[in-house]
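What follows is a short report on a single structure.
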Amino acid sequence: MARSVGIKDVARAAGVSVGTVSNVINRPDTVGPDTRARVLSAIERLGYVRSESARQLRAGRSRIMGLLVLDMGNPFFVDVARGAERAAREAGLGVMVCNSAQSPGEEAEYLALFAEQRVRGVLLTPADATGRNIEAFRRHGIPFVLVDRVAEGTTECSVSVDDVAGGALAARHLLDAGHRSIAYVSGPPGFNQVRDRRTGALAALAGAGLGPDALRELPTERLDVAAGRDAGARLLGLSDRPTAVFCANDLLALGVLQSLFAAGVSVPGDLALVGYDDIEFAAAAAVPLTSVRQPAATMGALAAGLLLEETGTSDVPHEHRRVVLRPELVVRRSSLAAR
């Protein structure tokens, strides 16, 4: 393996000191134009690339922001990452995107990696419902902002959507269409988002004079299409099948739609269907999917902005705060049949 070119090699080739090369790289205005040109020529000729990680360790400041999401297979988190990356790039930072795959164990490993790499800060959608991973990460003194999760204390910032309101929007829409028995495909019960969306749906049912029995919950172990297909199969096996389905995210809803379509069940004729997130695939589904929209890219950008403030990258004075955005119901054909 060829030896990498170092700053000493550049200095030798340009006939200058190591300090002069360092000045050309870091403070070019302090070096005369002829010497600067000679050093830059040597850098180009030798293919020298400075060690950014070593520079950051010396300065004690990383130019990398960590982003740890639940599932990069979910377009919602791709949009979150896009918003965060845009805000970070404008501040001269890069983003290291990692995927916990909804696993607390993998989340802990990535948080340890972020600490080892001394990232500037972390944007985190927690997978560990116990909070132990966050408590362990706090000991490193690296700032973090919660994304798609409300901070419960006052020691960190968060950016989220009002999921209680979102669940109510979905259920109220189905109630207004005449449905009085609704299934909730809910996902893992440990996730706050799943519980909050259920709470909102139950509140809407109560407002219509219906008890909690009007919401039939079908929990799943994951929040993906395969879990949605499994929930759809269980739904089809119910003797007293509800007339409408609300899913905790769009991937679950698309899986349910696949199961219903394969069984010859009409959507929305036999069953109305509502998802959550309003990912790009929702509008492109075989039956365009009604969904509760979350402003994912905005969430990512706002969270990155808060982290930039906290880490001193921004000139704006920082104080911890919780930003809660409003969801929006986007009605499409999957829920439009009248009862």
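Positions are given from 1 along the sequence. All values below were derived from every heavy atom in this structure, side-chain atoms included, with hydrogens, water molecules and symmetry-related copies excluded.
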Legend entry - Donor-acceptor pair between Ser186 and Glu217 side chains, under 3.5 angstrom: yes
Inset, instruction - For Asp148 and Ser160, test the side chains for any donor-to-acceptor distance below 3.5 angstrom and give the result as yes or no. - result: no
Inset, instruction - Could you please spell out the steps behind the side-chain hydrogen bond (donor to acceptor under 3.5 Å, both in side chains) verdict for Asp163 and Tyr276? - result: CA-CA 10 Å; Asp163 283 316; Tyr276 204 104; 2.7 Å; yes
Legend entry - Any donor-acceptor N/O pair, Asn23 side chain to Val31 backbone, under 3.5 Å: no
Inset, instruction - Answer yes or no: is there a donor N or O on one side and an acceptor on the other, between the side chain of Arg326 and the main chain of Val161, under 3.5 Å? - result: no
Legend entry - Exercise: do Ser17 and Thr20 side chains pair donor with acceptor under 3.5 Å: yes
Inset, instruction - Mark yes or no for whether Asp128, through its side chain, and Asn133, through its backbone, hold a donor-acceptor pair below 3.5 Å. - result: yes
Inset, instruction - Looking only at non-hydrogen atoms, find the nearest pair between Ser334 and Leu273 and report the distance. - result: OG-O, 2.6 Å
Inset, instruction - Considering non-hydrogen atoms only, spot the tightest contact between Val119 and Val122 and give its length. - result: CG2-CG2, 3.8 Å
Inset, instruction - Please check if any side-chain donor atom of His173 sits under 3.5 Å from a side-chain acceptor atom of Ser335, or the reverse. - result: yes
Inset, instruction - Please indicate whether Glu135 has more than 12 foreign heavy atoms, meaning atoms of other residues, nucleotides or ligands, lying under 6.0 Å from its CD. - result: yes
Legend entry - Closest approach of Gln258 to Arg229 (non-hydrogen atoms, all atoms of both residues): OE1-NH1, 2.9 Å
Inset, instruction - Indicate if Val323 and Phe76 have the same hydrophobic cluster label, given that clusters are the connected sets of ILVMFWY residues with side-chain heavy-atom separations under 4.5 angstrom. - result: yes
Inset, instruction - Using the ring of Phe246 (Phe, Tyr or Trp, six-membered ring only), decide whether Arg197 places NZ or CZ under 6.0 Å from its centre and within 45 degrees of its axis. - result: no
Inset, instruction - Kindly compute the distance separating CZ (Arg180) from CG (Leu174), expressed to the nearest 0.5 Å. - result: 10.5 Å
